[in-house]
Each structure stands twice: as C-alpha cells, then as structure tokens.
Amino acid sequence: MNKYKTHNCGELNKNNINEEVKIAGWLHNYRDHGGIIFLDIRDHYGITQVTIPEEDSNMKELAESIPKESAVSIKGIVTPRPDNMINPKLATGEIEINASEINILSKVEKELPINVFPETEVREDLRLQYRFLDLRREKVHNNIILRSKIVSSIRRRMTDMGFLEITTPILTASSPEGARDYLVPSRIHPGKFYALPQAPQQFKQLLMTSGFDKYFQIAPCFRDEDARADRSPGEFYQLDMEMAFATQDDIFKVMEKLLYELFSEFSNKKINKAPFPRIPFTESMLKYGTDKPDLRNPLEIKDVTNIFKKENLEAFKNKTVRVICAPNISDKPRKFFDDMIEFATENGAKGLAWLKVEENKLNGPIAKFISEEGQQSLISETDAKKESVMFFIADEENIATKLSGIIRTELANRLNLISKDEFIFCWIVDFPMFELNDEGKLDFSHNPFSMPQGGMKVLEEKNPLEILAYQYDIVCNGIELSSGAVRNHEPKTMVKAFEIAGYTKEVVENKFSALYNAFHYGAPPHAGIAPGVDRIVMLIADEPNIREIIAFPMNSKAEDLLMHAPNNVTAKQLKEIHIKLDE
RNA sequence: GGUCUCGUAGUGUAGUGGUUAACACGCCAGUCUGUCACACUGGAAAUCGCGAGUUCAAUCCUCGUCGGGACCGCCA
C-alpha cells in the first residue's frame, strides 16, 4: 500500500462504502460547523470531503490548525452521505471520508500571496512569481492538462499517419534570415557562437534529402523578438512537419485531417469539414482586408473605386474606395455611427462615410454627391438590401485595404456577428514570391526557400512582382496558425531566386551551405508546414492570452519571474566563454 | 525603439485637494451537527509604487522615475 494514499481524490464513490482508505492532497477548503467539521481535500484528480468525528477533540484541534493549501494525508472510512446531502457537483459527491488519522505532510507557513480557492483575480506578475500556487488553481491547471492531451493526441495522430518523430539540434548555427537569434557562446571556440533554432527548417529539409519520407516534431523554436498577447517571447512550440515527393495538396490533406479530428476531439464547437476553403492571397486582402481572415465574420469588403471615378466626390477622388455593407442596422442610433467614425479615425482613417440603403436609393451625409446611376451601381455591386448601411473607406490602396480589414472586424464585433461556438479554417494560398521593400527594392515576401509557381521558367521570364509562390498559411477564426510551403529543392532555381532578391550566388552557398550543398545530391521535391502548438491550444481552450496555456511562461518583457531569468553570471563563467561585458 | 494604459491592506477593486481611506475575498478569534462559494459575530491588516514640484494642506493636480499589461515596430 502506498504510504500516503490508496485512492485519489476524484475516484471514491458509493461502491467504496465501508472501505478504509487513505487520500492525500491539499486542504482546499474548510467548514467548521461547531459539532461537525468538513475538510475538502483536493488533488490533481478531484475533491473529496472529509468529516472529523465530533468526539475526537484532539483530531478536531489538529484539523482546525491546518492552514489552507497545506499538504495532508488522511486515513478513514468511506461513508455514504445522507440522501439529501449528496453533492452532484462533485464526482465524489455521494460519499465522504470519516477521518481516523490526519497527517500534515507539509504546512503552509506564510499567508498565501494569492487565493487558490476561491479563484479570485490576481495580477499577472504575482501569478507568475507564485506560478506553483497559480497552477494549483482549477482553470490554469485544466489548461495545462488540456495542453498535454492535445500534444499527445497530435503525436498519436501524426504517428498513425506514418510520420516519424525525429528530434533536431537545439544548439545549431545562426541563420541570417528572419528573426533575431538567441546566441550561445562557445567555450571551446573563442569568439564563436551557437544559435538556438528559430525553427528546424533546414534540418527537416535535410531529413527529406536523407530519405526520410514523412517527418514531424513537436519542436521548440527560439526567436529573440518582442511578445504579444498571443505570442510568447523567446520560445514556443511548433508542430513541425515535412513530406517528401509531396505537393501543396498532399500537405493540405494531412493537415485538414489532423486539425479537423484534433479540434473535434477536444471541442464541442462546430468545425468546418475538409476541404477547407482555399483563398488566394490577393482575394483575401480585398475581401477581408487581411491575410488572416476570420470567416465567422459574414461581412465582406468590395472594391468600388471604379464607381467613384465617375462621381463628383472630392474626398474619394483618386483614391482606392472600399465598401462594407452591414445588413439590418439602419435603425442603429446616431451614436453607433459616430463611434465607428471615431474608431476609424483613431486607427488612422481620414474618415468613415456611411450611407443607409433605402428603397432603391441611398441616404446619408454624402448621398447628394453620388449620382443616381452611382447609387444603383453601389447597391448592385454590394447586393445591398433595404435597411443595410454601407461604410466607405477611401485612401491609398494599401491603407484602404488594411483599414477596411480593421473596420470589418470591429463592425462585426460591435454588431455581435461572430459566432462564439464555431471554428472555421481556411487556407490562404498563392502568396507573391517577391515584394518591394521600404526602399523600393525587390525582396522575398515570405520564405526564400519556397518554390515559385512555374519554377525556373517564371523566374527567368516573368515580372518578379507577378510571380506567385507555393506558399500557404492555415488560418482559423482570424488567427494564423502557420505558414508552409512547397520548398525549392533545385540549386539553380534557388540561386536564381536569390539573385532576383539581390543576393549573389556566394550568399546562397555560404549562408545556406548545408541545404545548398545537399540539394546537389538528389533532393526530392518536398513540402511542409509548422502550425503553432500554443495557438492551437489557445483556440481550443478559448484563452486570449498565451500565458494561460503554458506552465511556466515568461512575462511580456521576456523575464521568468519565478526562476529570475535572465540573471547575472559569475566573472569566472564569463571568462570561460571568452565574454567581456561592455560596461 | 514608439504609443496607450494601470499601480490604494495578503488579493481584487471603490474613492476623495482637508475622510476614522470604503467594499469583497483571504487571514485571526468566537458561535453553530450537514455544509460544500456554509452562515453569523468580532478583530488585525494600507508610509494610497517611488522621488520632486504646486498648495496652508497631495493618495488625489503637475513633472520625473520604477514596475505590470495592451498595441505599433519586429516575428523569413
């Protein structure tokens, strides 16, 4: 028999009545009724109520002396609760343990800095500083359990589909592209550094070249970039996967099966079935004003630039004009529209004109500047029904696109148009291979390792800005879970692509020497993707902040308040790794 | 790096140019044999983040500073 317990706190029921048992856990709550004392003992599995026999005054005194959240072990007889005292909220609600022995295993010696129960709100830095107490609280505790189950489900499903989990190095070489690296100084090689991988990108491509057909890994990734509510500073996990002799559709098929089944396993929300909609990048930017659209939002953006070219509206002249038509809101109070205008201007819009749709005409502040023909065109272009309201965004094209997206989301939120019990996945496809950077020079718009659609031929013949890549994102409810791509496995095409982006052959040879070299020895065509595990868990757990689904998260300034990282190291340690501090 | 925002008992909040700084949870003591967010009675607990300024008087107004958070930049 285990020294501390025969059963956990979630499993005893009326089948155990009259058994002598031991449970161990934390003193969750305490109710002293004078004659009778109730102790709630909580462990990872549940809560069991313990009663203290009235006649045993020593035990009563002992029980009264235990501070909440102390660790205890209790021996006693399982007894049925009186019929009218059954607690349906507890799995163990039919029984209680009549204590015969109480052992205090570890006492709480100070006042608790945060309430474990009842679960009141606590400021976040304090929660992180006392994460071991915070994690006892039901909500976060359950999130961590959920995360564990999701991760093991992912492993099982990937393995069942024939993928091999292969781990790749954590100490590797700094890579020139992308995010800032975390550097690790080398002791043996003065002045040289390892880097923590931003992703196992090159390793997984090398694995494909090594003849492994389907690879995956729950991969830790490290990027020295600032945090966001949905983005951990420093480190995060990806479901990294890659397939050899595979096309975009092969990746989509695997991910659609995985994501649909995974989300179905852990959520009761409605999920769209495969195939997920494939939306070309340019279409997404126009219709939704973003490359990560929330398809729960029924509002769509239309381009009406051409209609306004013929109209005499100064403010819209020579601008890109986009319209969002929201149904059944013409009876909203004036304040609703004023607030929307305020929101729009706060986000950088020059204004937000709006028009009510009436019987075959438009009504509102700018209606008099639009011809009857123009009004008809607007109504038919947006397919507007009576009592709709059209919102207009007019600006330089890029800004109009972005603003329309922001306003589309805000309108849907304020009008409560977004269903809370639905997951809608989609693919954004056909990203451009190149774009102009701020200095007006050509650069890779996403991943330099992506295969251009059409291969070497289009690189040689087409206007670079018109070349599309086999580059795709998977998006769910407006959250980008991942980018992926069919990789460029041909050395010559790689060199050409880099040349267009202004890099010499030497750059490819030196900076990506492992891949570039390997690809000369029979690299298979391959493709992959790497959805963020943290974001998947956030979506399923319905948590808006990433710290709620990570056991020991850093704060937004990339500090671990529990372990005090980063911290100072000794002069000796620095000397060994040949580092002099610049102060 | 920038913008916004928050900082008041252990915790979460309220509040005011002059107060005994309020409420809830927690804590301590007491009453109660059936509670399970027990109830009831009483109590302890706050240099109102820190510094400077304005003022007869600052927790409150101003400036600075420190700390937390959100967003922008950044995240191939």
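So you know, we letter chains A, B, ... as the sequences are listed, proteins then strands, and number each from 1.
Taking atom CD1 of Ile66(A) as the reference point, atom C1' of C27(B) lies 17 Å away to the nearest angstrom. In this entry the distance linking CG of Asp134(A) with C1' of U11(B) reads 12 Å, nearest Å. Rounded to an integer number of Å, the gap from CD1 of Ile114(A) to C1' of G26(B) is 12 Å.
Residue-to-nucleotide contacts include a donor-acceptor pair under 3.5 Å from the side chain of Asp226(A) to the base of G73(B).
Among the atoms of the strands shown, only primed sugar atoms or phosphate atoms (P, OP1, OP2) are found under 4.0 Å from some heavy atom of Asn545(A). As judged by a 4.0 angstrom heavy-atom cut-off over every strand, Arg42(A) is placed among residues making no nucleic acid contact. At a threshold of 4.0 angstrom between heavy atoms, the contacts of Ile47(A) with the nucleic acid are absent.
Applying the 6.0 Å contact sphere to CG of Asn568(A) captures no more than 12 heavy atoms from other residues, nucleotides or ligands.
Between Asn115(A) and G12(B) there is no side-chain polar atom (N or O) within less than 4.0 angstrom of OP1 or OP2. A sub-4.0 Å separation between OP1 or OP2 of U11(B) and a side-chain N or O of Arg137(A) is absent. In this model, the phosphate group of G69(B) is approached by a side-chain N or O of Ser556(A) to a distance below 4.0 Å at OP1 or OP2. OP1 or OP2 of G12(B) lies within a sub-4.0 Å distance of a side-chain N or O belonging to Arg123(A). One finds a side-chain N or O of Arg228(A) lying less than 4.0 angstrom from the OP1 or OP2 phosphate oxygen of C72(B).
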Contact pattern, 5' to 3', of nucleotides 31-38 of chain B - B, S or - by protein heavy atom under 4.0 Å: -BBBBBSB
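Take Lys492(A) and apply the salt bridge (Lys or Arg N to Asp or Glu O under 4.0 Å) test, not counting sequence neighbours, and it matches no residue. By the side chain to side chain contact (heavy atoms under 4.5 Å, CB included) test, Val495(A) pairs with Lys505(A), Tyr516(A), sequence neighbours left out.
Annotation: G67(B) and G53(B) have their P atoms spaced 23 Å apart (nearest Å). Going from the P atom of C72(B) to that of U55(B) covers 43 Å, rounded to whole Å.
The pair Glu235(A)-Arg223(A) does not meet the salt-bridge criterion, since no charged nitrogen lies less than 4.0 angstrom from a carboxylate oxygen.
Without hydrogens or angle criteria, Asp43(A) side chain to Gly46(A) main chain gives a donor-acceptor distance under 3.5 Å.
Remark: A29(B) base-pairs with U41(B); criterion is Watson-Crick or G-U wobble with both hydrogen-bond distances under 3.5 Å. Shown here, A70(B) forms a base pair with U3(B); the pair counts as Watson-Crick or G-U wobble because both key distances fall under 3.5 Å. The partner of G53(B), taking Watson-Crick or G-U wobble pairs whose two distances both stay under 3.5 Å, is C61(B).
Side-chain contact check for Ile95(A) versus Ile17(A): some heavy-atom pair is nearer than 4.5 Å. Looking at heavy atoms from C-beta onward, Phe512(A) lies in side-chain contact with Phe498(A) at the 4.5 angstrom threshold.
Here G69(B) is the nucleotide among G69(B), G26(B), U11(B) with the atom lying nearest to any side-chain atom of Glu124(A). Here the nucleotide nearest the side chain of Ala179(A), chosen from A70(B), C75(B), U11(B), is C75(B).
Checked against the 6.0 Å centroid threshold, His489(A) and Phe519(A) do not count as a close aromatic pair.
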